[in-house]
Amino acid sequence: MRTKLLLLPAILVLGGWSYSPTVDVLGSYFPAWMGCIIIGLISTLIVRLLLIGLGIYAHLRLKPLVFSCMAICFTLATWLVFFKN
């Protein structure tokens, strides 16, 4: 009985790994998280170009932090929009 209780947390944690989101791209399965990262990076580059065009880019401080956080936010938002289960 005690060994079953010790295995219970492992069963609960590993149960979340039963679903692996993949996307069929040209006949091969592609991990969905890679697509979300690519979309997040492209969105960040588009926002950077908009900020340069509007003249706001020169006034930003801590640019690496701002754009890293922006890329993470766009990546996670893409994941939530397309793969929220």
What side-chain donor-acceptor pairs closer than 3.5 Å can you find for residues 65-77, not counting sequence neighbours?
from: Ser68; atom 1: OG; to: Pro64; atom 2: O; distance (Å): 2.7
from: Thr75; atom 1: OG1; to: Ala71; atom 2: O; distance (Å): 2.7

- request: Can you sort out the partners of Leu50 under side-chain contact (heavy atoms from CB on, under 4.5 Å), two or more places apart, ordered by chain and number?
  value: Ile46

task: Calculate, to the nearest 0.5 Å, the distance between atoms CG and SG belonging to Leu41 and Cys36 respectively.
output: 11.0 Å

- prompt: Between atom NZ of Lys63 and atom CG of Leu51, what is the distance when rounded to the nearest 0.5 Å?
  reply: 10.5 Å

- prompt: Are Trp79 and Phe82 grouped together when hydrophobic residues (ILVMFWY) are joined by side-chain heavy atoms under 4.5 angstrom apart?
  reply: yes

query: Roughly how far apart are Ile52 CD1 and Leu60 CG, rounded to 0.5 Å?
result: 10.0 Å

query: Listed by chain and number, what are the side-chain contact (heavy atoms from CB on, under 4.5 Å) partners of Leu54, not counting sequence neighbours?
result: Ile56

- prompt: When hydrophobic residues are tied together by side-chain contacts of less than 4.5 Å, even through go-betweens, does Ile39 share a cluster with Trp33?
  reply: no

